[in-house]
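One structure is given here, and the rest of the page talks about it.
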Amino acid sequence: MNDNKNLILAVVLSALILLGWSFLSNRFIPQNPPPKVEKGKIEPQIQPQSGPVANAPSQLRDRNLVLRETPRVLIETPALRGSINLKGARIDDLWMLKHHVTYKNSSSPVALLNPQGTAASSFVGFSWNGPNAPNGNTVWTASSRVLTPGKPVTLSWTSPAGQTYQLVISVDDLYLFTVEQRVTNGSTQPVAVQPYSYSSRAGRSADISSYTVHVGPMSVRDGKADYETKWQTVREAGPNGLNYDPSKGWIGFTDKYWLTALAPQGTTRDSFRYSASGSYQADAVAPQSVVAPGQTTSFTTSVFAGAKEKAALDRYENAGITKLSKSIDWGWFEWFMRPIFDLLNWLFHQIGNFGVAIICLTLIVRGLMFPIAQKQFQSMAAMRKLQPKMKAIQERYKDDKPKLQQEMMKLYQQEKINPAAGCLPIVLQIPIFYALYKVLMVAVEMRHQPFALWIKDLSAPDPLTPINLFGLLDFAPPHFLAIGVLPILLGVTMWLQFKLNPAPMDPTQQQIFAIMPWIMMFVMAPFASGLQLYWVTSNVLTILQQWWLYKKYGLHFSDTHPATT
């Protein structure tokens with residue numbers, strides 16, 4: 001019996017460590033804070049390697065005012081709205097229409113890209129290295145005033161030497177831009193040109209990078225995703241940055257839910273760079289080519305700028321962008337998490353409510369595990385019947401631990417009982433629980449999804465707490481006391497579940513199992529309410545299942561107490 005309870009305790013504590021570490025580390029071992037920007041000042045942007053240097057404004061300015069100062073091409077798609085800056089050929093104004101700042105649809109869409117000179121500046125640009133090439137001050141001529149799916153826009157500029165540079169920009173109905181960089185040599189002499197693209201951002205992401213979710217610089221080179229490059233890694237690389245061997249893949253910056261990535265359709269020399277002023281930049285530089293008089297050369301780059309929706313990432317990956325779906329940091333259990341996500345997402349589309357979909361997922365999991373639960377109960381009943389004999393053995397050999405273990409194992413063999421059989425359902429549920437935990441953390445599809453009543457966002461903690469009388473008292477309780485309704489239900493249902501199990505004979509284990517539900521109530525309070533909903537539902541189903549099995553086997557709830565000799 002002790003072996004059984006020790007194993008259960010080990011599994012529970014392992015799950016506690018697995019799920020609680022990110023919570024504890026983010027609060028007690030915080031990451032380095034983002035670099036501070038002095039109010040009213042702007043950090044100058046890095047420029048592409050060998051590329052032109054743009055003049056950075058010295059003051060942060062109003063976004064709308066900055067947008068009105070330069071000629072622009074509007075971007076209008078079902079998923080995006082924004083504009084392309086014709087000065088410097090930058091995509092620096094982009095809003096994601098399907099995703100809002102808060103769970104209220106009336107709130108503004110999330111801004112992914114912002115022009116230089118404004119807060120949270122971030123943009124994507126294109127140009128060339130070479131004599132007489134355009135630079136950040138070049139004003140381009142557009143073939144159309146609006147970029148929409150199926151209607152590309154061509155930006156053109158002709159140098160004094162006679163070379164015509166063109167950017168043919170197209171966009172689809174989601175988050176992918178395709179930019180073809182063309183150079184036509186109208187002079188009488190050959191010219192060497194080298195196209196490049198870059199993604200620049202002033203400062204780190206507001207999202208925190210942790211061991212479970214990678215945020216920051218990211219790339220896929222030669223088929224391998226790199227999660228090891230951190231903000232600090234780029235900073236420590238110095239002014240020369242991190243330079244990679246020529247490869248094919250993509251490079252950019254990932255937030256928890258958003259991604260800006262350059263995916264050249266040929267081999268490029270990629271790098272991450274950092275300026276002492278606090279700006280980060282990803283560069284993708286194509287090989288140099290020599291354009292003969294009268295000839296044209298081109299290089300094409302795809303740009304993903306949007307939300308990391310799994311369906312969209314898979315679509316672009318299937319279309320040729322290598323492992324773009326790896327921008328979602330699934331972790332080691334990706335092979336298991338993807339099917340869990342697909343099932344949960346399918347249930348959501350069938351039902352229309354993610355909370356109900358989570359409940360249905362719990363029902364499916366419990367249904368699949370029902371035969372195992374029956375064996376667990378049979379083992380539990382058999383262990384209960386053995387308690388008098390086990391108690392006698394413990395009394396007889398209480399001073400001889402090796403002999404005690406030997407006699408206990410002998411008793412198990414005689415009665416044909418596996419003391420670890422009752423742990424199997426717990427062991428099987430841990431990967432499912434962890435997969436749901438990770439999905440709720442990284443899947444933008446779960447962001448701001450409501451359930452019912454006060455649960456407006458299943459990816460956020462339960463906001464309703466009795467500490468302030470469920471919001472009637474006008475104060476915010478300390479973080480460690482903000483225990484929501486779902487975590488309280490989790491503690492209560494776990495306590496009831498333990499009460500229905502045979503109580504350990506070891507007094508120490510009894511005390512541990514008595515306080516475990518209330519410890520888990522505090523530990524789980526900061527986690528996503530969708531995860532809490534899954535656990536509460538699973539506990540309720542377990543209680544109902546135990547009640548039904550007790551009736552089936554003709555046992556009484558009082559039989560869960562330790563037997564006496």
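For the single chain, residues carry numbers from 1 onward in sequence order. Computation of the quantities below employed the complete heavy-atom set of this structure, encompassing side-chain atoms and omitting hydrogens, waters and symmetry-equivalent molecules.
Closest non-hydrogen pair, P264 versus A284, comes out as CG-CB, 3.8 Å. Nearest heavy atoms, L147 versus V171: CG-CG1, 3.7 Å. In terms of heavy-atom proximity, W250 sits nearest to I321 at CD1-CG2, 3.9 Å. Heavy-atom minimum distance, D222 versus S247: OD1-CB, 3.4 Å. When all heavy atoms of P131 and Y165 are compared, the pair lying nearest together is O-OH, 3.8 Å. Taking both residues in full, the closest heavy atoms of V234 and T229 are given as CG2-CG2, 3.9 Å, listed atom of the first, atom of the second, then distance.
Residue pairs meeting the salt bridge (Lys or Arg N to Asp or Glu O under 4.0 Å) criterion with at least one partner in residues 238-252, sequence neighbours excluded, are absent. Sorted by first and then second residue, the ring pair (Phe, Tyr, Trp, His ring centres under 6.0 Å) pairs with a member in residues 65-112 read H99-W258; sequence neighbours excluded. Screening residues 249-268 for salt bridge (Lys or Arg N to Asp or Glu O under 4.0 Å) gives R201-D255 as the qualifying pairs, with residues at least two apart or on separate chains. Note on residues 78-87: no pairs pass salt bridge (Lys or Arg N to Asp or Glu O under 4.0 Å), not counting sequence neighbours. Sorted by first then second residue, the ring pair (Phe, Tyr, Trp, His ring centres under 6.0 Å) pairs that include residues 66-86, not counting sequence neighbours, number zero. Residue pairs meeting the side chain to side chain donor-acceptor pair (under 3.5 Å) criterion with at least one member in residues 316-325, sequence neighbours excluded, are D172-Y316, E317-S325, S325-R338. The salt bridge (Lys or Arg N to Asp or Glu O under 4.0 Å) contacts involving residues 103-126 comprise nothing, where partners must be two or more places apart or lie in separate chains.
Considering only residues two or more places apart in sequence or on other chains, S459 meets the side chain to side chain donor-acceptor pair (under 3.5 Å) condition with D457. Under the rule for a side chain to side chain donor-acceptor pair (under 3.5 Å), the partners of S107 that lie at least two apart in sequence or sit in another chain are T102. By the side chain to side chain contact (heavy atoms under 4.5 Å, CB included) test, T158 is found to be paired with T164, residues two or more places apart in sequence or in another chain being considered. Taking the ring pair (Phe, Tyr, Trp, His ring centres under 6.0 Å) definition, one finds that F272 meets it with F253, sequence neighbours left out. N132 is linked by a side chain to side chain donor-acceptor pair (under 3.5 Å) to nothing, counting only residues two or more places apart in sequence or in another chain.
A ring-centre distance under 6.0 Å is found for Y437 and F527.
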>> Would T118 and D62 count as a side-chain contact (heavy atoms from CB on, under 4.5 Å) here? Give the steps.
In response: CA-CA 6 Å; T118 65; D62 178 75; over 6 Å; no

>> Go through it in stages, so that I can follow the logic: the residues are T301 and T178, the test is side-chain contact (heavy atoms from CB on, under 4.5 Å), and I'd like the CA-CA distance, side-chain angles, deciding distance and then a yes or no.
In response: CA-CA 6 Å; T301 299; T178 302; over 6 Å; no

> Under the side chain to side chain donor-acceptor pair (under 3.5 Å) criterion, do E236 and Y274 qualify, and how do the steps go?
Replying inline: CA-CA 9 Å; E236 292 176 348; Y274 173 76; over 6 Å; no

>> I'd like to know whether M218 forms a side-chain contact (heavy atoms from CB on, under 4.5 Å) with D226, so could you lay out the CA-CA distance, the side-chain angles of the two residues, the decisive distance to 0.1 Å, and finally the verdict.
In response: CA-CA 6 Å; M218 185 177 176; D226 177 14; 5.8 Å; no

> side-chain contact (heavy atoms from CB on, under 4.5 Å) between V193 and F299: does it pass, once the steps are laid out?
Replying inline: CA-CA 11 Å; V193 294; F299 188 84; over 6 Å; no

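Side-chain contact annotation: R90 with Y198, donor-acceptor N/O pair under 3.5 Å present. Remark: the D173 side chain and the T77 side chain contain no N/O donor-acceptor pair separated by less than 3.5 Å. Looking only at atom types and distance, the side chain of T184 has no donor-acceptor partner in the side chain of Q163 under 3.5 Å away. No side-chain donor-acceptor contact under 3.5 Å links Q181 and Y196. Side-chain N/O atoms of N243 and R269 include no donor and acceptor closer than 3.5 Å.
A 4.5 Å side-chain heavy-atom check between L344 and F354 finds at least one atom pair inside the cut-off. With contacts defined as side-chain heavy-atom distances shorter than 4.5 Å, the pair T260/S199 qualifies. Residues P149 and P78 form a side-chain contact, since some pair of their non-hydrogen atoms from C-beta on lies under 4.5 Å apart. Residues V168 and R182 are in side-chain contact: their nearest non-hydrogen atoms beyond the backbone lie under 4.5 Å apart. Considering only heavy atoms from C-beta on, P152 stays 4.5 Å or farther from I169 through its side chain. Counting only heavy atoms from C-beta outward, the side chains of H448 and K456 never approach each other to under 4.5 Å. The side-chain heavy atoms of W140 and Q166, taken from C-beta on, include no pair separated by under 4.5 Å.
Here the CZ atom belonging to R221 is positioned 4.0 Å from the OG atom belonging to S219, to the nearest 0.5 angstrom. With values rounded to the nearest 0.5 angstrom, I340 atom CD1 is found 14.0 Å from K438 atom NZ. Rounded to the nearest 0.5 Å, atoms CZ (F123) and OG (S200) are 4.0 Å apart. Rounding to the nearest 0.5 Å places CZ of R72 at 9.5 Å from CD1 of I84. How far CD of Q350 is from CG of N345: 10.5 Å, rounded to the nearest 0.5 Å. With values rounded to the nearest 0.5 angstrom, D92 atom CG is found 8.0 Å from S121 atom OG.
Not a single donor-acceptor pair under 3.5 Å links the side chain of E180 to the backbone N or O of L167. In terms of modelled atom types and a separation under 3.5 Å, the side chain of Q194 and the main chain of V285 share no donor-acceptor contact. In this structure a side-chain-to-backbone donor-acceptor pair under 3.5 Å is present from S143 to T154. The backbone N or O of N353 sits nowhere less than 3.5 Å from a side-chain atom of Q449 that would complete a donor-acceptor pair. The backbone N or O of V291 sits less than 3.5 Å from a side-chain atom of N185, completing a donor-acceptor pair. Looking at S144, its side chain does come within 3.5 Å of a backbone N or O of V146 through a donor-acceptor pair.
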